[in-house]
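Reviewing the structure listed below.
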Amino acid sequence: DVKVTQSSRYLVKRTGEKVFLECVQDMDHENMFWYRQDPGLGLRLIYFSYDVKMKEKGDIPEGYSVSREKKERFSLILESASTNQTSMYLCASEVTRVNTEAFFGQGTRLTVV
Amino acid sequence: GQQVMQIPQYQHVQEGEDFTTYCNSSTTLSNIQWYKQRPGGHPVFLIQLVKSGEVKKQKRLTFQFGEAKKNSSLHITATQTTDVGTYFCAGTSSGTYKYIFGTGTRLKVLA
């Protein structure tokens, strides 16, 4: 089975802290994504990567950056956490862009206080 | 930019009743996917539709892609308590890696 693992299930951080959310997939997938999920807004794409060291902005990239140094790992970075970044963060991966399903991690619920 | 809306936002049904959620895109889609997220869980892929007018069935679930490839629906016949969760559609346009997710429909089934 494909496994997408996010480093933390729950995280509490202070305003202004630099926050790292890690995601690892074990199926050699090319594409990886970071979404945030908020009630009534569905899943919104923050960043995605289609290859090592390649990244593209999604719909809401402001306040975030990403890193993909290895194919299996995609990190989301909150440079200076703010309370409006309190949310559920979901990582996903898929094998290729030719219409395949995305596999999601279990999610990280981040609270910024 | 591209938007994908889903209606209704919430639906409560009695067990055994049917349920339908609708997904509408502001632009023509190359394909659409459907996901289910159980309470406390993560989205899990259900199906993908590619062709105009395509209809696919999975047991009690029927998925449809509109002729113009701008809308889609998921219909559940005779709901069961195991159907509880949020159903998301996700559409993509040709030439892009991005899937745009709908806002989701949260289904509650009353026993």
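Below, read A as the first sequence line, B as the second, and so on, with proteins coming before strands; counting in each chain starts at 1. What you are looking at is a predicted structure, and each value in this text was computed from that prediction instead of being measured.
- Between chain B and the options E56(A), R109(A), Q37(A), M88(A), heavy-atom pairs under 4.5 Å are most frequent for Q37(A).
- The heavy-atom pair separating P43(B) from L90(A) by the smallest distance is CD-CD1, 4.0 Å.
- Of the atoms belonging to L41(A), it is backbone heavy atoms, and not side-chain ones, that fall under 4.5 Å from chain B.
- Proximity to chain A is limited to the side chain of Y35(B), based on heavy atoms less than 4.5 angstrom apart.
- By the neighbour-count criterion of 12 heavy atoms within 6.0 Å, atom NZ of K71(A) is densely surrounded, having more than that number from other residues, nucleotides or ligands.
- Cluster membership for V4(B) and F65(B), using ILVMFWY side-chain heavy atoms within less than 4.5 angstrom, is not shared.
- Residue Q33(B) holds its CD atom at 7.0 Å from CD of E94(A), rounded to the nearest 0.5 Å.
- F88(B) and I46(A) fall into different hydrophobic clusters, defined by Ile, Leu, Val, Met, Phe, Trp and Tyr side-chain heavy atoms under 4.5 Å apart, directly or through other members.
- Environment of CZ in F45(B): crowded, with over 12 heavy atoms of neighbouring residues, nucleotides or ligands closer than 6.0 Å.
- Annotation: K56(B), atom NZ; neighbour count of heavy atoms from other residues, nucleotides and ligands within 6.0 Å is above 12.
- Contacts of Q37(B) with chain A are made by side-chain atoms alone, with heavy-atom separations under 4.5 Å and no backbone atom involved.
- The neighbour count for R106(B) CZ, taken as heavy atoms of other residues, nucleotides or ligands under 6.0 Å away, does not exceed 12.
- With rounding to the nearest 0.5 angstrom, the CZ atom of F103(A) is 10.0 Å from the NE2 atom of H42(B).
- Checked against a 6.0 Å centroid threshold, the rings of F33(A) and Y99(B) do not count as neighbours.
- Residue-environment remark: CZ (R9(A)) exceeds the threshold of 12 foreign heavy atoms within 6.0 Å.
- Contacts between I47(B) and chain A at a heavy-atom distance below 4.5 Å are absent for every atom of the residue.
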